[in-house]
Amino acid sequence: GAGVSQTPSNKVTEKGKYVELRCDPISGHTALYWYRQSLGQGPEFLIYFQGTGAADDSGLPNDRFFAVRPEGSVSTLKIQRTERGDSAVYLCASSLPDGDPRFFGPGTRLTVL
Amino acid sequence: GNSVTQMEGPVTLSEEAFLTINCTYTATGYPSLFWYVQYPGEGLQLLLKATKADDKGSNKGFEATYRKETTSFHLEKGSVQVSDSAVYFCALSDRNSGSRLTFGEGTQLTVNP
């Protein structure tokens, strides 16, 4: 079956612009996670959804970052007033409710010029 | 808080050489431990895991043993192949951190024929 997909695969934007990154989880996976991976670093947790609600958003770095999952499937990570420091690969993962194992998507590489 | 420390890379080996990638952790709870692998152009994949002390996780010839006394989870393989070239991430999760995974910085492995 299909794995986790993320679109776009690459996004280049200018400082100050707004971007949306999309994640399509594996069908039937109620848990969805967003991570951010900067160059040469391991992924860092951003937010976790169980169904439609954000069960843990403590990893979001500031209020410019927001994520939604209105129907409990597709999720969108939204970044307002982008900054050069937001440049990274944004990873999405999904799992069954017990969280194990987690299946990761290929990521969206965001570049803020 | 939780943290994971991996040996610095990159690591370059010849085919059939023995591999060790060191991983140590700090956790407030009693964590589960994981190794993830990221092949070029692909998403993170779970390689193996261990959920309690002295457990050994194994997959594809790789092994790692959960050592509570040394807070370590070193990855080993007796004979590496060119196809093992990838970035390897050590990670942990525990009940105190909810569903988040804490990752190490990753170790780039290159295996030459």
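Keep in mind the model is a prediction, meaning the values are calculated, not measured. Protein chains get the first letters and strands the later ones, always in sequence-line order, with residue 1 at the start of each.
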Working for side-chain contact (heavy atoms from CB on, under 4.5 Å), residues A/Y35 and B/L101:
CA-CA 9 Å; A/Y35 287 80; B/L101 283 169; 3.4 Å; yes

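- Counting heavy atoms from C-beta outward, B/F89 and A/Q37 have side chains that approach closer than 4.5 Å.
- B/Y39 and B/L48 fall within the same hydrophobic cluster, defined by Ile, Leu, Val, Met, Phe, Trp and Tyr side-chain heavy atoms under 4.5 Å apart, directly or through other members.
- Contacts of B/Q38 with chain A are made by side-chain atoms alone, with heavy-atom separations under 4.5 Å and no backbone atom involved.
- The residue among B/Q6, B/K49, B/E42 with the most heavy atom pairs within less than 4.5 Å of chain A is B/K49.
- The hydrophobic clustering, which links ILVMFWY residues whose side-chain heavy atoms are closer than 4.5 Å, places B/V37 and B/F62 together.
- Between A/F45 and B/F103 there is no side-chain heavy-atom pair separated by less than 4.5 Å.
- When hydrophobic clusters are built by joining Ile, Leu, Val, Met, Phe, Trp and Tyr residues whose side-chain heavy atoms come closer than 4.5 Å, directly or via intermediates, A/F104 is not grouped with A/L21.
- Under the 4.5 Å side-chain heavy-atom criterion for Ile, Leu, Val, Met, Phe, Trp and Tyr, A/F103 and B/V87 are members of distinct hydrophobic clusters.
- Residue A/F65 qualifies as enclosed at atom CZ: its count of foreign heavy atoms under 6.0 Å is above 12.
- Atom CG of A/L113 has more than 12 neighbouring heavy atoms from other residues, nucleotides or ligands inside a 6.0 Å radius.
- Heavy atoms of A/I47 lying under 4.5 Å from chain B are absent altogether.
- Of the atoms belonging to A/S95, not a single heavy atom falls under 4.5 Å from chain B.
- If you measure heavy-atom distances from B/L44 to chain A, the contacts under 4.5 Å come from both the backbone and the side chain.
- The candidate with the highest count of non-hydrogen atom pairs below 4.5 Å against chain B, out of A/G40, A/A93, A/G59, A/S58, is A/S58.
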Let me see the working for A/R102 and B/Y36 under side-chain contact (heavy atoms from CB on, under 4.5 Å), right down to the final yes or no.
CA-CA 10 Å; A/R102 245 154 277 203; B/Y36 279 81; 3.9 Å; yes

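- Residue A/E71 qualifies as open at atom CD: its count of foreign heavy atoms under 6.0 Å is 12 or below.
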